[in-house]
Visitor: 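One structure, pasted below without further comment.
Letters A, B, ... mirror the listed sequences (proteins, then strands); counts begin at 1. In what follows, every heavy atom counts, from backbone to side chain, and hydrogens, waters and symmetry copies are set aside.
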Protein chains: 2
Amino acid sequence: MRPGPRRSLSHAEILAAAFELLETKGFDAVSVRGVAGALGLTPTAMYTYYPNKDALLSGMVEQVLGRLEDQATDAAARPATTTAVPAPEGRRERVTALAGALRSQLVDRPGAVGLLLATPLDGPNARRFEERLLEAFADAGLDALAAGRAAHAVRVHVLGAVAFDAAETARTADGSQAADPASTVQREPAASATATLWDELEAFPLGDRSRGFADDATARFEWGLDRLLDGLFASSGAD
Amino acid sequence: MRPGPRRSLSHAEILAAAFELLETKGFDAVSVRGVAGALGLTPTAMYTYYPNKDALLSGMVEQVLGRLEDQATDAAARPATTTAVPAPEGRRERVTALAGALRSQLVDRPGAVGLLLATPLDGPNARRFEERLLEAFADAGLDALAAGRAAHAVRVHVLGAVAFDAAETARTADGSQAADPASTVQREPAASATATLWDELEAFPLGDRSRGFADDATARFEWGLDRLLDGLFASSGAD
DNA sequence: ACCTGAACACCGTTCAAGT
DNA sequence: ACCTGAACACCGTTCAAGT
């Protein structure tokens, strides 16, 4: 047996191991030591494939964006007629499909948001995604500056929304530490705005309308995106 | 001299040291060991003030949001008339002032975005900020659900935009590594969307309209926020 | 080109102990 | 209550060396 020490891994194999770690143990587990260990390598061997950890993460982001690309083209092609015409006024639908595909790609993959926020987002697939958005807004009549800003606003909304959702679910699904009911503060009820003596994290009554925040995350996202698109597409023709 | 070993620091002193570190050495330098060292403490002494690192970061976030609170009330009171009437249709201006205050608070403080993204955002000052946004949207006629989603969309836009800007400036202002001109790839020009062989980070021509992205970050933010608010405020009365 | 082993300078956190 | 010192189980990265 013993397949020999000269494995010569491919980037695809390394990224597969990295995603395996990301999905099973979370973003923090995606360390160069961690994926090296999962591949039966020494940490330093990783540096013959990627110059540093950021390059590894960028490679992962590119792969995520690549999968998204396929998914979005499928989704955009689906509701159109079977003729060759690419859905005349489907510009807004194209943006919605693109944004939704990115979001679903990220929420499917716990910890993937950290990836997108930790990395420059300048690879070929990232640029292709950007190009798709620009195209849709240019088709709608926005000039180059406005289209660039509109595409940026959409990216910001998707990534920001997923980051918020991830922070929320990370807090509620945190199994490592239970709430501590032994609260001993409560003094000074009306502190100034710049007060810093707040140190009991679980002492809040959790407000009025905070229930049902996790289950309608998708509806909340779509509603917000729709409002944003209302504003963005109106900025072309309504003057 | 020698003031004795029983210092008994206040939370304010600890947070001041933490912000000092954040501004001078960046987000990664804000470690419990780091701020302990800056205070002349042993790392373990920090655990008598905060149960863990997240609690420290939450304390910092609260202080940032507290400063923002004061700033936003000033800004909102400024453009109104000097009479006691709080600007009748200034709901949109209030949201703009709040969002702008949060953004400026974050861009002034390099690394502070990491804070907001790493922390649950559930402290008293965070809730007060949320309440202000809800108030403005409720005044505009949105029902509770829509107002909550609108407030969320604004938060998402501000934090997402600052996170993007931070990633951009971190890349351009990165003094530790220069671009490597010795590129040896270039083979396989039309790779599939799921290809993963992209490993030369600097090999891109940096596209068509990518110049002038950093200097108009504020204009881009304000434009996107304005479009979002167009959509959000239109969702109340236009049907 | 790919890989190992030792090392450097870090992390967050816990535990036993001192005052 | 506040603090120290030692320790555990990690990080990213570099360097010298082997094949």
Visitor: Please pick, from dT4(D), dT14(C), dT4(C), the nucleotide with the shortest atom-to-atom distance to any side-chain atom of L41(A).
Guide: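 Nearest to the side-chain atoms of L41(A), counting from C-beta on, is dT4(C).
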
Visitor: In whole Å, what is the span from the CG atom of D54(A) to the P atom of dC11(D)?
Guide: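 That distance rounds to 16 Å.
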
Visitor: Between L121(B) and L65(B), is there a side-chain heavy-atom distance shorter than 4.5 Å?
Guide: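 A side-chain contact exists here, since the closest heavy-atom pair is under 4.5 Å.
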
Visitor: Counting only side-chain nitrogens and oxygens, does T44(B) get under 4.0 Å of the OP1 or OP2 atom of dC3(D)?
Guide: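 Checking T44(B) against dC3(D): no side-chain N or O falls below 4.0 Å of OP1 or OP2.
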
Visitor: In terms of side-chain heavy atoms of K53(A), which of dT13(C), dG12(D), dC3(C) is nearest?
Guide: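 My answer, after comparing the listed nucleotides, is dG12(D).
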
Visitor: Evaluate the side-chain proximity of H152(B) to R155(B): yes if any heavy-atom separation is below 4.5 Å, no if none is.
Guide: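 Yes, their side chains come closer than 4.5 Å.
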
Visitor: If the P atom of dA9(C) is compared with that of dA9(D), how far apart are they to the nearest Å?
Guide: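 The same atom, P, in both gives a distance of 23 Å.
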
Visitor: Is the phosphate of dC3(C), meaning OP1 or OP2, less than 4.0 Å from a side-chain N or O of Y49(A)?
Guide: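 True: Y49(A) side-chain N/O within range (under 4.0 Å) of dC3(C) OP1/OP2.
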
Visitor: My understanding is that a pair needs two contacts under 3.5 Å, Watson-Crick or G-U wobble. By that rule, which nucleotide pairs with dT14(D)?
Guide: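 The base-pairing partner of dT14(D), which may sit in any strand shown, is dA6(C).
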
Visitor: Choose from dT13(C), dT13(D), dT4(C) the nucleotide whose nearest atom is closest to any side-chain atom of A45(A).
Guide: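 Among dT13(C), dT13(D), dT4(C), the one nearest the side chain of A45(A) is dT4(C).
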
Visitor: Of the options dT13(C), dC2(D), dT4(C), whose atoms approach the side-chain atoms of N52(B) most closely?
Guide: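 Of the options given, the side chain of N52(B) lies nearest dT13(C).
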
Visitor: What does dT19(C) pair with, Watson-Crick or G-U, if both distances are under 3.5 Å?
Guide: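 Matched dT19(C) with dA1(D) under the 3.5 Å cut-off.
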
Visitor: Look at D165(B) together with R103(B) and state whether they make a salt bridge at an N to O cut-off of under 4.0 Å.
Guide: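 A salt bridge links D165(B) with R103(B).
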
Visitor: Is there side-chain contact between L15(A) and L56(A), with heavy atoms separated by less than 4.5 Å?
Guide: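 In short, these two side chains touch, coming nearer than 4.5 Å.
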
Visitor: Using OP1 and OP2 only, check whether a side-chain N or O of S8(A) sits under 4.0 Å from dC2(C).
Guide: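 Indeed, a polar side-chain atom of S8(A) lies that close.
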
Visitor: Within the pair T42(B) and dC3(D), is there a side-chain N or O less than 4.0 Å away from OP1 or OP2?
Guide: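 Result: no.
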
